[in-house]
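Keep in mind the model is a prediction, meaning the values are calculated, not measured.
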Amino acid sequence: MKYTTRQSAILLLSDGTIFHGKSIGISGKTFGEVCFNTGMTGYQEIFTDPSYFGQIMVATNPHIGNYGVNDLEVESDSIKIAGLVCKNFSFNYSREGASGSLEDYFTKQNLICISDVDTRALVSYIRDNGAMNAVICTDGTSIEDLKKELANVPDMEGLELASKVSTTEPYFVGDENATYKISALDLGIKKNILRNLAKRDCYIKVFPYNSTYEDLNSFNPDGFFLSNGPGDPDPLFGAIEVAKKILTEDKPLFGICLGHQVIALANGVQTYKMFNGHRGINHPVKNIITGKGEITSQNHGFAVKKEQLDNHPDLEITHLHLNDGTVAGMRMKNKNCFSVQYHPEASPGPHDSSYLFDQFVENIKLAVSKTM
């Protein structure tokens, strides 16, 4: 490998803190909320996860790009992160199943990346000071100009982003002759969620984020699903109304992450923006119902208020995050509804929580049997 000189680059945080590094070769600047992911593998799945839209991702794994990319290991049709910050960017890769390099993948989609950053110091700083807006600049724009532009970037709190990543037209996934039909509201749905449902004898129709209950119900589904997605759940008035109507009809309902928060809001339980959020594939969760522990994949910056859940007559907590005691799952006592604040479809893993899809299908089976 021949030596090449790379352009200097900076990461400027909204509080004025600057971290220096090198551009991987794509010139420009990109803005977003800076956050970090502690996963040691699965970087392509992270980059294409719609829940990361609008966020600059800091990789705690020191090596990014070392196993290239594979066309099958994506969670959406394109890269969704706003930019990448890493320590060591691997221009060369070594993996038999790779279809190309991460450098080429970024170049095709014009994803700006800064490498050679002291990511341990950066993550420590974010942990102490919280997630905040930032800009990656690789084109030499002055610090003063960057500060002016950064000041105009909206905060994540109150920001509706589902519309930026949702499908614009309904589409189908699975075998049309499957036993069960599911209507899924796409707030930023991951492909592996749909694969998990399809392989459990379900035929799914995926609807745009702004669809009504009547739209979803026109498919005559056996169950409803509210997906993950980016941004603050509070502005999703339409999705909250959809959830309320599903609950009024007492149809089987399952929500993941943003969908979980929407279900809480539909029940009058508030959400809040976390100081740092949970992002990684090693988060410990306790299933309160079974007493078992699970290692989970998580990606969220908002959470449901635990004290309000504790005092709600129709809701009960089913899962707790063992690191900080935040709500990781809940269910309704009087409705066919449950949800989790993490990813049971976890790709590339872990798969401790995949049973939740089985639980959803079992709920559907019971509901169908009662109508026969």
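Contacts of Tyr67 classified as ring-ring contact (aromatic ring centres under 6.0 Å, His included), with partners at least two apart in sequence or in another chain: Tyr43. Qualifying ring-ring contact (aromatic ring centres under 6.0 Å, His included) partners for Tyr355, counting only residues two or more places apart in sequence or in other chains: none. With sequence neighbours excluded, the residues that form a ring-ring contact (aromatic ring centres under 6.0 Å, His included) with Tyr342 are His319. Applying the ring-ring contact (aromatic ring centres under 6.0 Å, His included) test to Tyr105 and every residue at least two apart in sequence or in another chain returns nothing. Under the side chain to side chain contact (heavy atoms under 4.5 Å, CB included) criterion, Pro230 pairs with Phe53, Leu161, Val165, sequence neighbours left out. Remark: Glu362 engages Lys365 in a side chain to side chain contact (heavy atoms under 4.5 Å, CB included) (not counting sequence neighbours). Residues passing the salt bridge (charged side-chain N to carboxylate O under 4.0 Å, His left out) test with Glu345 are Lys190, sequence neighbours excluded. Looking at residues two or more places apart in sequence or on another chain, you find a side chain to side chain contact (heavy atoms under 4.5 Å, CB included) between Asp352 and Glu294, Ile295, Pro350. Checked against side chain to side chain contact (heavy atoms under 4.5 Å, CB included), Ser369 has no partners two or more places apart in sequence or in another chain.
Residue Met274 is not grouped with residue Leu258 when hydrophobic side chains (ILVMFWY) are merged at heavy-atom distances under 4.5 angstrom, including chains of intermediate members.
Classification of Lys108 and Asp104 as a salt-bridged pair fails, no side-chain N sitting under 4.0 Å from a carboxylate O. Ion pair Asp116/Arg6 flagged as a salt bridge, since at least one NZ, NE, NH1 or NH2 atom sits closer than 4.0 Å to an Asp/Glu carboxylate oxygen.
Thr119 places none of its side-chain heavy atoms less than 4.5 Å from the side chain of Phe19. Taking the side chain as every heavy atom from C-beta outward, Phe172 and Phe219 approach each other to under 4.5 Å. In this structure, Leu11 and Ile136 have side chains that are in contact, with non-hydrogen atoms separated by less than 4.5 Å. For the pair Ser51 and His300, the minimum side-chain heavy-atom distance is 4.5 Å or more. Counting only heavy atoms from C-beta outward, the side chains of Lys273 and Asp232 never approach each other to under 4.5 Å. Using a 4.5 Å cut-off on side-chain heavy atoms (C-beta onward), Lys199 and Arg195 make no contact. At least one side-chain heavy atom of Ile182 sits under 4.5 Å from a side-chain heavy atom of Ile364. When side chains are defined from C-beta on, Asn267 counts as touching Met332, because their heavy atoms get closer than 4.5 Å.
For Gln44 (side chain) and Asn70 (main-chain N/O), a donor-acceptor pair under 3.5 Å exists by modelled atom type. A donor-acceptor contact shorter than 3.5 Å links the side chain of Ser183 to the backbone of Leu216. One N or O on the side chain of Asn129 and one on the backbone of Tyr125 form a donor-acceptor pair closer than 3.5 Å. Side-chain N or O atoms of Asp201 include one that pairs as donor or acceptor with a backbone N or O of Thr179 at under 3.5 Å. Looking at Thr138, its side chain does come within 3.5 Å of a backbone N or O of Gly28 through a donor-acceptor pair. Checked by atom type and distance alone, the side chain of Asn276 never pairs as donor or acceptor with a backbone atom of Cys35 at under 3.5 Å. With hydrogens and angles disregarded, no donor-acceptor distance shorter than 3.5 Å links the side chain of Gln7 to the backbone of Ala9. A distance-only check finds a donor-acceptor pair linking the side chain of Thr248 to the backbone of Lys244 [under 3.5 Å]. The main-chain N or O of Asp186 is found under 3.5 Å from a side-chain atom of Ser166 such that the two form a donor-acceptor pair. One N or O on the side chain of Ser99 and one on the backbone of Val69 form a donor-acceptor pair closer than 3.5 Å.
A donor-acceptor pair shorter than 3.5 Å cannot be found between the side chains of Ser218 and Asp215. Judged by distance alone, the side chains of Asp324 and His278 do bring a donor and an acceptor atom under 3.5 Å apart.
Here Ile64 contributes atom CD1 and Ser115 contributes atom OG; the two are 11.0 Å apart, rounded to the nearest 0.5 Å. Rounded to the nearest 0.5 angstrom, His312 NE2 and Lys333 NZ are separated by 9.5 Å. Rounded to the nearest 0.5 angstrom, Glu75 CD and Ile193 CD1 are separated by 8.0 Å. Rounded to the nearest 0.5 Å, atoms CZ (Arg331) and CD1 (Ile288) are 11.0 Å apart. Atom CD1 of Ile263 sits about 5.5 Å away from atom CE of Met330, to the nearest 0.5 Å. A distance of 10.5 Å separates CD in Glu241 from CD1 in Ile246, rounded to the nearest 0.5 Å.
Other members of a hydrophobic cluster containing Ile289 are absent, since no ILVMFWY side chain comes under 4.5 Å of it, directly or through relayed contacts. The hydrophobic cluster containing Leu12, built from Ile/Leu/Val/Met/Phe/Trp/Tyr side-chain heavy atoms closer than 4.5 Å, also comprises Ile10, Ile18, Phe31, Val135, Ile143, Leu146, Leu150, Val153.
The number of heavy-atom neighbours closer than 6.0 Å to CZ of Arg127, taken from other residues, nucleotides and ligands shown, is 12 or below. Annotation: Lys181, atom NZ; neighbour count of heavy atoms from other residues, nucleotides and ligands within 6.0 Å is above 12. More than 12 heavy atoms of other residues, nucleotides or ligands sit less than 6.0 Å from atom CD of Glu214.
Aromatic ring centres of Tyr52 and Phe47 lie farther apart than the 6.0 Å criterion allows. Checked against the 6.0 Å centroid threshold, Phe302 and Tyr272 do not count as a close aromatic pair.
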* **Intermediate values then yes/no, side chain to side chain contact (heavy atoms under 4.5 Å, CB included), Arg200 and Ser354** => CA-CA 11 Å; Arg200 287 170 170 81; Ser354 60; 4.2 Å; yes

* Asked: Run the side-chain hydrogen bond (donor to acceptor under 3.5 Å, both in side chains) check on Glu103 and Ser101 step by step: do they pass?
  -> CA-CA 5 Å; Glu103 178 189 12; Ser101 71; 4.8 Å; no

* To do: Applying side-chain hydrogen bond (donor to acceptor under 3.5 Å, both in side chains), run through Asn299 and Asp49 and close with a yes or a no.
  => CA-CA 9 Å; Asn299 170 20; Asp49 181 350; 3.1 Å; yes

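Ser339 and His260 get closest at one heavy-atom pair: OG-ND1, 2.8 Å. When every heavy atom of Ala131 is checked against every heavy atom of Val34, the shortest pair comes out as CB-O, 3.6 Å. Residues Ala264 and Val304 come closest through the heavy atom pair CB-CG2, 3.7 Å. Across Lys22 and Ser8, no two heavy atoms sit closer than the pair NZ-OG, 3.7 Å.
Between Phe254 and Phe360, the ring planes are tilted. Angles from 30° to 60° get that label.
Looking at Leu185, Leu253, Ile256 one by one, the single match for side-chain contact (heavy atoms from CB on, under 4.5 Å) with Phe225 turns out to be Ile256.
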With a 3.5 Å cut-off and sequence neighbours excluded, list the donor-acceptor pairs that the side chains of residues 81-90 form with protein atoms.
{"from": "Asn88", "atom 1": "ND2", "to": "Pro62", "atom 2": "O", "distance (Å)": "3.4"}

